[in-house]
Amino acid sequence: MAAAPESPLDAEGRRLGTWMALPTQILLVFIVVFPLLMQLYISMTDWSPLYGESWIDAWRSWNGFANYVDVMSDSRFWSALWRTLLVILVCVPAQFLLGLGLAILFVDEFRGKRLFYSILLIPMMVVPAVAGYMFFMLFQSGGPINDILSALTGTRVSTAWLSDPTLALIAVMIADIWQWTPLMFLILLAGLIGVPEDQLKAATLLGASWWQRFTTIMLPRIRTVIVIALVIRTVEIFKIFDNLYIMTGGGPGVATETISVYIYKVTLQNLEWSYVATIALIILVSLSVITAFGLKLMERR
């Protein structure tokens, strides 16, 4: 069957829509596409601001995929990436379990709920740099953490948390868990509040225990919310910088150097901008894969 001819009004409406969307498309090109193409271009050169050349002339030092080959054999890059993944593997599950536990407690009404609710959200509202300074002071040799441990153990504890390669990373993880568990709590609580109450009541009337209601009704209902929360925190930890840099500066040595701290050092200390562009593109692709995987899980719902 032949398609009906397009009326002049439809054609005019399509042209009007195209012109109205044009500014947005141009803006999108400048915000997203242009920076990406520029980054790809720079990553295939040896360009650096130290050479005094404009980035447009970076083609003079074209090296193809040499930077990508160098990144693959950069042991410091892999160490920073592994350290970032370790922080993710520890912090995200801890934040999820703590956030879920708190969200379950706050689903039901109780006295002082609003007050506790506000208190729980305070860490999330603290500027990361300020949080980093707070935990820098807490984990000093003569700081409150050692004083509390001394009071609990009855012996004087003067652990140099931020000078020990292992303890420094643990301190950084504790700071991240403290600050961002409220975000996980907030997202999961929103999911739990959205669970249909009539289904829970029906299950209760049929004799289902709390655990049965939780595993068969509540968890399946908030699966999408859980995936969103996990993806958000995973991506955010890839960008962990402020509090970590203030607490340890990536040290001692490179013991707490995550991928964002490594990029900062290579960018502003070594001025190897083309090399950083290569690393940033690799990280961008990795995060895109993580996000796509999370969205795929959501589609299976």
Side-chain angles (χ1 to χ4, degrees), residues 23-88 127-133 136 162 165 168-169 172 175-176 232 234-291:
T24 305
Q25 293 174 352
I26 293 174
L27 187 64
L28 187 65
V29 167
F30 276 97
I31 291 176
V32 179
V33 179
F34 177 71
L36 278 176
L37 291 177
M38 187 180 78
Q39 193 172 359
L40 180 62
Y41 166 59
I42 295 295
S43 72
M44 293 185 169
T45 69
D46 279 331
W47 180 78
S48 168
L50 281 175
Y51 303 150
E53 291 181 335
S54 167
W55 67 271
I56 297 175
D57 296 324
W59 59 271
R60 298 176 190 276
S61 56
W62 186 266
N63 63 10
F65 293 96
N67 284 336
Y68 291 88
V69 175
D70 290 343
V71 170
M72 292 301 109
S73 58
D74 185 349
S75 60
R76 194 170 164 186
F77 164 77
W78 288 109
S79 296
L81 184 61
W82 161 243
R83 211 167 285 115
T84 306
L85 293 175
L86 181 61
V87 175
I88 290 172
V127 175
V130 176
Y133 182 70
F136 173 78
L162 302 181
L169 191 59
V172 168
D176 191 81
I232 288 176
T234 300
V235 172
E236 284 298 314
I237 288 180
F238 258 98
K239 298 183 287 185
I240 182 173
F241 180 80
D242 306 54
N243 49 3
L244 186 156
Y245 197 76
I246 289 176
M247 288 176 68
T248 65
V254 293
T256 58
E257 189 177 81
T258 58
I259 197 67
S260 56
V261 175
Y262 177 58
I263 288 175
Y264 166 78
K265 290 179 177 176
V266 176
T267 305
L268 296 181
Q269 294 180 3
N270 303 347
L271 295 178
E272 298 175 7
W273 287 17
S274 57
Y275 191 64
V276 169
T278 308
I279 296 174
L281 274 179
I282 293 172
I283 297 301
L284 177 65
V285 172
S286 303
L287 292 180
S288 300
V289 170
I290 291 172
T291 305

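Sequential numbering from 1 along the given sequence is applied to the chain's residues. Everything quoted here is computed from the prediction, not taken from an experiment.
Pairs of residues two or more places apart, or lying in two chains, never qualify as salt bridge (Lys or Arg N to Asp or Glu O under 4.0 Å) while including a residue from residues 29-40. Among pairs with a residue in residues 237-266, those fulfilling salt bridge (Lys or Arg N to Asp or Glu O under 4.0 Å) read R76-E257, E236-K239, E257-K265, at least two apart in sequence or across chains.
Scanning all heavy atoms of the two residues, the minimum distance from F136 to M247 falls at CD1-O, 3.5 Å. V261 approaches G249 most closely through the heavy-atom pair CG1-O, 4.5 Å.
Side-chain contact between F241 and I263 is absent, with no heavy atoms from C-beta onward closer than 4.5 Å. Between Y262 and I279 the shortest side-chain heavy-atom distance falls below 4.5 Å. At least one side-chain heavy atom of W78 sits under 4.5 Å from a side-chain heavy atom of M72. At least one side-chain heavy atom of L81 sits under 4.5 Å from a side-chain heavy atom of I283.
Remark: N243 engages no residue in a side-chain hydrogen bond (donor to acceptor under 3.5 Å, both in side chains) (not counting sequence neighbours). Residues satisfying the side-chain contact (heavy atoms from CB on, under 4.5 Å) test with S288, not counting sequence neighbours, are L284. Evaluation of the side-chain contact (heavy atoms from CB on, under 4.5 Å) rule for I290 yields T234, F238, L287 as partners, not counting sequence neighbours. A search for side-chain contact (heavy atoms from CB on, under 4.5 Å) contacts involving S61 returns T45, D46, W47, not counting sequence neighbours.
To the nearest 0.5 Å, atoms CZ (R83) and CD1 (I240) are separated by 12.5 Å. One distance of note links CG of L244 with CG of D176; it measures 9.0 Å at 0.5 Å rounding. Taken from CD1 in I259 to CH2 in W82, the straight-line distance is 14.0 Å, to the nearest 0.5 Å. With rounding to the nearest 0.5 angstrom, the OG1 atom of T258 is 11.5 Å from the CG atom of L86. Put simply, OG1 on T291 and CD1 on I232 are 10.0 Å apart, with the number rounded to the nearest 0.5 Å. Between the OH atom of Y245 and the OH atom of Y264 there is a distance of 4.0 Å, given to the nearest 0.5 Å.
A donor-acceptor contact shorter than 3.5 Å is absent between the side chain of T256 and the backbone of A168. At distances below 3.5 Å, not a single donor-acceptor pair connects side-chain atoms of S43 with backbone N or O atoms of A277.
A side chain to side chain contact (heavy atoms under 4.5 Å, CB included) with T278 holds for exactly one of V69, V71, L40; it is V71. With Y275 as the partner, the side chain to side chain donor-acceptor pair (under 3.5 Å) test is satisfied by one option alone out of N67, D74, D70: D74.
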Exercise. Can you list the steps and then say if V130 with I246 is a side chain to side chain contact (heavy atoms under 4.5 Å, CB included)?
Worked result: CA-CA 9 Å; V130 176; I246 289 176; over 6 Å; no
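Counting non-hydrogen atoms of neighbouring residues, nucleotides and ligands closer than 6.0 angstrom, the OH atom of Y133 reaches no more than 12 such neighbours.
Ring-plane geometry between Y41 and W62 is classed as tilted, the angle between the planes lying from 30 to 60 degrees on a 0 to 90 degree scale.
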